Protein chains: 2
Amino acid sequence: MNVTIKDVAKKAGVSPSTVSRVIADHPRISKETSRRVKEIMEELGYHPNLMAKSLVSRTTRTIAVILPKPAEELLLNFFFYELIRGVLAQLTRAGYDLLMAGGSNEQEELETVTRLVRGGRIDGLLLLYSRSSDPIIHFLRNEKVPFALIGRSLDYEDVPSVDNDNVQAAYDATNHLIAQGQKRIGFVTGPTKLAMTQDRMMGYSKALAEAGLPLKQSWVVEGEFLLESGYRAMASIMSQPEPPTALVVIDDVVAFGVLKGLAELGYRIPQDIAIVSFNNIALAELTMPPITSVDVGTYQLGYTASQMVLRMIQQVDITARQIIPHRLVVRESSLRTVSHV
Amino acid sequence: MNVTIKDVAKKAGVSPSTVSRVIADHPRISKETSRRVKEIMEELGYHPNLMAKSLVSRTTRTIAVILPKPAEELLLNFFFYELIRGVLAQLTRAGYDLLMAGGSNEQEELETVTRLVRGGRIDGLLLLYSRSSDPIIHFLRNEKVPFALIGRSLDYEDVPSVDNDNVQAAYDATNHLIAQGQKRIGFVTGPTKLAMTQDRMMGYSKALAEAGLPLKQSWVVEGEFLLESGYRAMASIMSQPEPPTALVVIDDVVAFGVLKGLAELGYRIPQDIAIVSFNNIALAELTMPPITSVDVGTYQLGYTASQMVLRMIQQVDITARQIIPHRLVVRESSLRTVSHV
DNA sequence: TCACCTTGTGCAAACGATTTACTTTTTTTT
DNA sequence: AAAAAAAAGTAAATCGTTTGCACAAGGTGA
C-alpha cells in the first residue's frame, strides 16, 4: 500500500490538514512545522495521490488532444507531429500532461470527448483540425470546457482558435508561380470539408483571377493528406490533353507523392512541372529537388493554441482568433531557370 | 455541477449502490431495475466521474509514455512517431488512453515518473529507449509497476522489452555493403550510451572482422539522432587522407543529414559513397537517391510493447524479451552499379 | 412447517486528498 | 493585567465512486 497523507501526519505528530497545508505552502503554517513535515514527506517518499487531489479540486492538470478519425492515417502526416511538438513544449513548461485520445469514427470521437469531459478527466482540450458542422465543437461550447482549435471553425465565429491566413498563404504561393511565368496552374487539394482546404482553394483562385489566368476544374484534384493521394492524383491530372505546367499542393507529404508520381511518368521538376506546397516540414528541403513550401509556423501553431487553452483554464475569457504568420520558402521545385548541382 | 450517481439514484428511486451495480453489470441486479436505471442515466446524460472511480479502483486505464530528455529534440526523429503510432493503435484498441510526459533532464524525468506512479495516475508505462544505468528502470522495478522497454536494458536481463536483433541487423547491413565490393566502410553512430547503438556497432565490427576488413577508428563518428549530426559528421570524416567509400548510418534522419553533407562536399551517391541506414522511415524512399535502410518494424515495436504492458496489467507475469524481425530494404543509395532515371 | 437458499437491494465504510469552521495558543494593545 | 487580535493547528465534511455486509421476500426440500 502506498504512503498517504495520514501516514505523514501521524509520523509528524500533526493532523492531515496541516500536512495538506504544508504541501500547498499555506501561510498559516509555521516555518518550523513546515520544515519538519517536509522532512518526513521526503523520508517516507510521500507523493500525493493525484486522483484524490483531482476529485476534490476538480482539476487534473491534463490537456487532451483529440486525434481525428483514423488516427493512424492522420499520424502519417508529419505536420501533426510538428504541431504536437509545439503543444508538448508549452504544456510541459506549464507543468501539464498531455493525454492523447481518439476514436475510429466521428461517433466514437464524440463519445471519447464526452467521457473525458463529463468524467472530469481533463481540464481542457485541443482540436487539431476543423471541419464543418462538427458535433464535438458544438458539445464543447455547451459544456463550457476550455478548448481551442487549430484552424478555424466553419460554424461559429467566436471559437478560440489559432490559425494561419490560409487564403493569403495560398494567394502568395500561387502568385509565386505566376511570377515565374506559369500560366497553367493546377491544385492538388485536401478534404474539402476542412476549413484549411477551403481557404487555400480560395487564395488560389483569387490569385488566378487577378492574373487573368484560367481555373480549369480538371486541374483541381481532391485527396487526403497522404503520400498516396499525391501519387495517385498525378496519373489522372497528367493524362488530360492539356495538363497543367505547375501545381499548388496542399501539403508537403502530398507533394512527396506528387514528386514520386511525376518522376514515374517521366516528368522533370521543375522544368516540366513546377511545384509549390504547404507546411514546410523538415524534409521538404531534402527531396530531389527540394520543395518550395509555405512555412506556416507549425510548431508555433501548437505552442500558441496550448497557451490559449491554458489561459482559458485560468479563467481568462478568450474568444479570439489568433493568426500565425506564414512565409514562403523558395526552393528549386518552383523555379523556372535552374542550374543543376 | 455535473450529474452524479446520486442524482441518478434519486430519480430512479434506488440507492447509489444499485446504480453503481447497474453500471458494472452486476448479476444480482434485476432486468427491470437495470433497464430503468439505464434509461435514466441516458436521460440525465450521466457519465461516471473517472477520478472518483480511479480513486477507489486504483486503476486509471491510462498508460504513460516517457519522452526522454530534450523531448523536443527527440521528437525531431520520425522513428519515435512511428513508434507512437503503434502504441496508440494498440492502446485505443484496448480502450486505454495515452499520457505523454517528460522532463528536461534525467533528474526531472525521474521526478515525473515518480509523480505519476506514486500519484497513481497511470496503470503502466512505456520507455522508448534504453540507456545504461537508468535510474528510472531501477525505480520502476522496485515499485513493481507494469512497464516495458523498447530496446533492451543494459543493466538487467529480465526487464520486459521489445527489441530488434540489432547486432544481426547491423551485421546484415554491413555485409550488404561488403557484397557490393566495398572495402572501406565507416559508421555514423548514435549516443554510445544507448543499447541500440552498442548493438549495431557490434554487428558492424563483426561483419568487418569476418570479411577481414579493417575497422579504422577515424571512420567511426558519434552523434545524436538528428539531421545536423549526420550533416556535421561528413565534414570531419571526409577530410581525412583516406576516407571511407561506404557508410553505415545509425538512423534514416541522420542519413538525410549525411546525404546533405556529402552533396555539399560534391560527392555523388552511391558512386563515390554508398549508404546504408536503419529504421526505414517512410521518407527513406523519397530522397535522392532513395536510401537503403533496415526496416526494423517500428510500428510493430510500439504495438507489441504496449500489448506487453497491457498483459502485465492483467497480472500476466512477463519477464520476456520479444524480438521483432528486421528486413533490409535495398534502394539506390547502396548499389555499386546504377542506372540513373 | 421450518430451516435454508436465492435473489434483489440498501447502508455505510472505504479510497486519499482539500477546505470550512472552529479551537487553542501566543502575541499585542490598551 | 485584561481584552483583543493574530497565529497555528485540528476535526469533520466533502468530492463521487465501489463494495462487504445485512436484510427482506420469496422459493425449495425435508
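Quick note: numbers below take in every heavy atom, side chains included, and nothing from hydrogens, waters or symmetry partners. So you know, we letter chains A, B, ... as the sequences are listed, proteins then strands, and number each from 1. Predicted, not measured: the structure shown is a model, and the values here were computed from it.
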Query - Residues, nucleotides or ligands: over 12 heavy atoms within 6.0 Å of A/H138 NE2 - result: no
Query - D/dC15 OP1/OP2 closer than 4.0 Å to side-chain N/O of A/S57 - result: no
Query - Partner nucleotide of C/dT30 by Watson-Crick or wobble geometry (both distances under 3.5 Å) - result: D/dA1
Query - Separation of D/dC15 C1' from B/L50 CG (nearest whole Å) - result: 14 Å
Query raised in the report: C/dT9, C/dA21, C/dA17: which one has an atom nearest the side-chain heavy atoms of B/R21?
Result: C/dT9
Query raised in the report: Roughly, in whole Å, what's the span from CZ in A/R118 to P in D/dT17?
Result: 13 Å
**Report entry** Enclosure of B/E157 CD (heavy-atom neighbours >12, cutoff 6.0 Å)
**Finding:** no
Report task. Nearest whole angstrom, please: distance from the C1' of C/dT18 to the CD1 of A/I29. Result -> 13 Å
Query raised in the report: Looking only at side-chain N and O atoms, does B/S30 come under 4.0 Å of OP1 or OP2 in C/dT9?
Result: yes
Query raised in the report: Checking A/D7 side chain against A/T4 main chain: does a donor-acceptor pair fall under 3.5 Å?
Result: yes
**Report entry** Side-chain H-bond candidate by donor/acceptor type, A/T18 with A/S15, under 3.5 Å
**Finding:** yes
Query raised in the report: Are side-chain N/O atoms of A/R93 and A/Q90 paired as donor and acceptor at under 3.5 Å?
Result: yes
Report task. Under 4.0 Å between any heavy atoms, over every strand shown, what does A/S54 touch: base, sugar-phosphate, or nothing? Just pick one. Result -> nothing
Report task. Check step by step if side chain to side chain contact (heavy atoms under 4.5 Å, CB included) holds for A/L116 and B/D97. Result -> CA-CA 10 Å; A/L116 294 175; B/D97 293 327; 3.8 Å; yes
Requested in this report: Round to the nearest Å and state the distance from A/K31 atom NZ to D/dA7 atom P.
Outcome: 14 Å
Query raised in the report: Tell me: CZ of B/R61 to P of D/dT17, nearest whole Å?
Result: 17 Å
Query raised in the report: Under 4.0 Å between a side-chain N or O of B/T4 and OP1 or OP2 of D/dG16?
Result: no
Requested in this report: Measure from CZ on B/R28 to P on C/dG10 and round the result to the nearest Å.
Outcome: 13 Å
Report task. Provide, to the nearest angstrom, the distance between the CZ atom belonging to B/R35 and the C1' atom belonging to C/dG8. Result -> 16 Å
Requested in this report: Taking only heavy atoms on the protein side, list every residue of residues 5-19 of chain B lying under 4.0 Å from any atom of DNA chain C, sorted numerically.
Outcome: B/G13, B/V14, B/S15, B/S17, B/T18
Query raised in the report: Does A/E32 CD have over 12 foreign heavy atoms under 6.0 Å away?
Result: yes
**Report entry** Separation of C/dA17 P from A/I23 CD1 (nearest whole Å)
**Finding:** 7 Å
Query raised in the report: When you measure from the side chain of A/L55, which nucleotide among D/dG20, D/dG16, D/dT18 comes out closest?
Result: D/dG16
